[in-house]
Amino acid sequence: MADPKGFMTTPRQDWPRRPVEERVGDWDEVYVPGALLPIVSKQADRCMDCGIPFCHDACPLGNLIPEWNDLVSREDWRQAADRLHATNNFPEFTGRLCPAPCEAGCVLAINQPAVTIKNVEVAIADRAWELGFAPPQPPDRLSGRTVAVIGSGPTGLAAAQQLTRAGHTVVVYEKDDRLGGLMRYGIPEFKMEKHHLERRIEQMRAEGTKFRTSTAVGRDVGAAELRARYDAVVIATGATAWRELDVPGRELAGIHQAMEYLPPANRVCEGDLEASPLSAAGKHVVIVGGGDTGADCLGTAVREGAASVTQLDIYAQPGVERDEDVEPWPTYPKIYRLSAAHEEARDLRTAPGADADARLFAASTLRFTGDAEGRVRSLHLVEVDAGRRAVEGTARMLPADLVLLALGFSGPDQEDGLVEQLGVEMAVRGTVVRDAEFATNVSGVFAAGDAARGQSLIVWAIAEGRAVAAAVDRYLTGNSQLPAPIGPFDRPMTV
């Protein structure tokens, strides 16, 4: 503890965001460049170095948070980077994209604002790159064993990096033309600029990991053929099978899934397109779904120049404080949070009739109606109670030229033939079945990440990648020194 009174004398201060009017005019990250470093050491001083740090348990990676907080408070960036990378392959990803369950588990959060763990994490990661503290770590010798990893999202990349560093020859197969999975085409540039992703991929290439893009296993290369070619296969395709909304009018033109809308916008930022074919420019946009993907659609539509944007959340508006009776510390509470996109929508008044920022809470979609050409023109909704029953007399209509469905994902997409060709067992909920060693019913085939766990957080995805790498290493060599932060049946702390 560099400052034993830091948590009493220093108030919480977050990385400031750029002014709304400025940041909605570009696709750069929303934070003020260079504004984190001057404040982060004092913020790290607020860590109490608890005897039992619950932030460890709240984070599935088991990040050594009090240790690197102390090192940052002393501005020992090299040691901080070493301790951070000891448990997390990609802290610059989690530091930008993770909702920080570690902060909900911070002991200080019992009666004060939590330590800015996420900000400290991303500061360490960025300084590590700036100061050359994240060099490639190629193995000393090769094992002679080969592994195919299907999918290049955070799970696949983490598994591939761990297995490569252990000496195995690893090839990552990605169906898209660029690597990164949903981090590439699902996460908007204003949340994470893609040069952070490119930098890690180049590090992995230098370590020896090989990549095959534009290759859908099951379609472009047979899954059975792949299994025969490699000593082990890891399914890390993510949960890309989106959930549908079965209401009248769903067939109308102009109603799209969020993951049909977000990738073209990201391709504009990549320079592939001049404009998205699904651009929200000048349109009345309604987003159905109150989660992070819906917020990503919201920020994107605002930047594209939508005439209005409203987001529907079927849950009631939560309070601003944790309800200790329902979600006691250190669980991750459902409270009212104002993301950068919601802050923008609030200040720009994109949805004047919303309950808060751009959101309508406790709202359920009844049907869509369209014009003579078969294009959507309105969304009809109703207020619902806690049991999702319609409240009489609350039906209303919103103008809608573009409707985006952000209702989450159920499991891996099975249309490419991967699941069928490998013959892996599937659970009723649409995920790949695996045992305590992350192994499927097919010998040598393992499953990790959202494909097996179901839709989850990026921090769980990376933890799954690290854990499945240890399991594969044991399968190939009989034992493993690789860390396994979680088991396949571990779940977040809940009541």
Side-chain angles (χ1 to χ4, degrees), residues 7 12 14 46 48 50-63 65 94 97-118 239 243 287-295 298 311-343 346 354-365 381-392 394 406-410 429 450 453-461 463 486-487 489-495:
F7 68 95
R12 177 178 171 115
D14 290 285
R46 298 182 69 239
M48 298 186 293
C50 308
I52 302 177
F54 279 81
C55 55
H56 283 196
D57 290 328
C59 173
L61 285 166
N63 281 334
I65 295 165
T94 52
L97 303 177
C98 181
C102 54
E103 294 188 15
C106 174
V107 173
L108 187 58
I110 294 175
N111 61 0
Q112 292 188 47
V115 174
T116 56
I117 298 171
K118 181 176 173 178
R243 296 190 176 98
I287 302 161
V288 183
D292 289 341
T293 302
L298 174 64
Q311 183 179 9
L312 307 186
D313 190 331
I314 200 166
Y315 296 102
Q317 181 173 345
V320 295
E321 299 289 341
R322 180 197 295 269
D323 185 338
E324 291 290 349
D325 294 330
V326 178
E327 297 172 308
W329 175 89
T331 61
Y332 188 76
K334 184 176 178 59
I335 60 174
Y336 177 73
R337 294 179 173 89
L338 193 68
S339 72
H342 291 118
E343 180 185 44
R346 180 198 65 187
D355 298 322
D357 47 75
R359 287 174 278 190
L360 280 174
F361 290 96
S364 179
T365 304
L381 62 92
V382 67
E383 184 179 331
V384 293
D385 60 20
R388 297 190 182 183
R389 296 178 292 267
V391 176
E392 188 176 351
T394 62
L407 301 170
F409 306 89
S410 58
R429 64 193 183 108
D450 290 3
R453 175 172 291 275
Q455 181 180 335
S456 189
L457 305 177
I458 184 172
V459 69
W460 280 90
I486 60 171
F489 309 120
D490 290 341
R491 291 293 181 268
M493 287 191 294
T494 57
V495 177

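Starting from 1, each residue takes its place in the sequence as its number.
- Taking both residues in full, the closest heavy atoms of C102 and C55 are given as O-CB, 3.7 Å, listed atom of the first, atom of the second, then distance.
- Note that CG of L298 is 12.5 Å distant from OG1 of T293, once rounded to the nearest 0.5 Å.
- Within the 3.5 Å criterion, the main-chain N or O of C106 finds a donor-acceptor partner in the side chain of W329.
- The main-chain N or O of F361 is never found under 3.5 Å from a side-chain atom of D313 such that the two would form a donor-acceptor pair.
- For the residue pair A354 and L360, the shortest heavy atom distance occurs at CA-CD2, 3.8 Å.
- In terms of modelled atom types and a separation under 3.5 Å, the side chain of R322 and the main chain of A104 share a donor-acceptor contact.
- With a 4.5 Å cut-off on side-chain heavy atoms, D57 and P330 do not count as touching.
- Here the CD1-CG distance, from I486 to L61, works out to 8.0 Å after rounding to the nearest 0.5 Å.
- There is a side-chain donor-acceptor pair under 3.5 Å between Y315 and R388.
- Counting only heavy atoms from C-beta outward, the side chains of D490 and P60 never approach each other to under 4.5 Å.
- Taking 4.0 Å as the cut-off between side-chain N and carboxylate O, E103 and R12 count as a salt-bridged pair.
- Put simply, the side chain of V320 does not reach to within 4.5 Å of the side chain of I335, judged on heavy atoms.
- With hydrogens and angles disregarded, no donor-acceptor distance shorter than 3.5 Å links the side chain of R346 to the backbone of A341.
- Of all heavy-atom pairs spanning H342 and S339, the tightest one is ND1-OG, 2.8 Å.
- Residues L108 and V115 share a closest heavy-atom pair of CD2-CG2, 4.1 Å.
- Here the CG atom belonging to L407 is positioned 10.0 Å from the CG atom belonging to L312, to the nearest 0.5 angstrom.
- For the pair R359 and Q317, the minimum side-chain heavy-atom distance is 4.5 Å or more.
- Put simply, the side chain of Q311 gets close to the backbone of G289: a donor and an acceptor are under 3.5 Å apart.
- R46 places a side-chain N or O within donor-acceptor distance of the main-chain N or O of P113, the cut-off being under 3.5 Å.
- Looking at R389 and V384, their side chains never come closer than 4.5 Å, going by heavy atoms from C-beta outward.
- Residues V459 and T94 approach most closely at CA-CG2, 4.3 Å, considering heavy atoms.
- Formation of a donor-acceptor pair under 3.5 Å by the Q455 side chain with backbone atoms of F409 is found in this model.
- Using a distance-only test at 3.5 Å, with no hydrogens or angles considered, a donor-acceptor pair links the side chain of E327 to the main chain of K334.
- Residues S364 and L381 form no side-chain contact, since every pair of their non-hydrogen atoms from C-beta on lies 4.5 Å or further apart.
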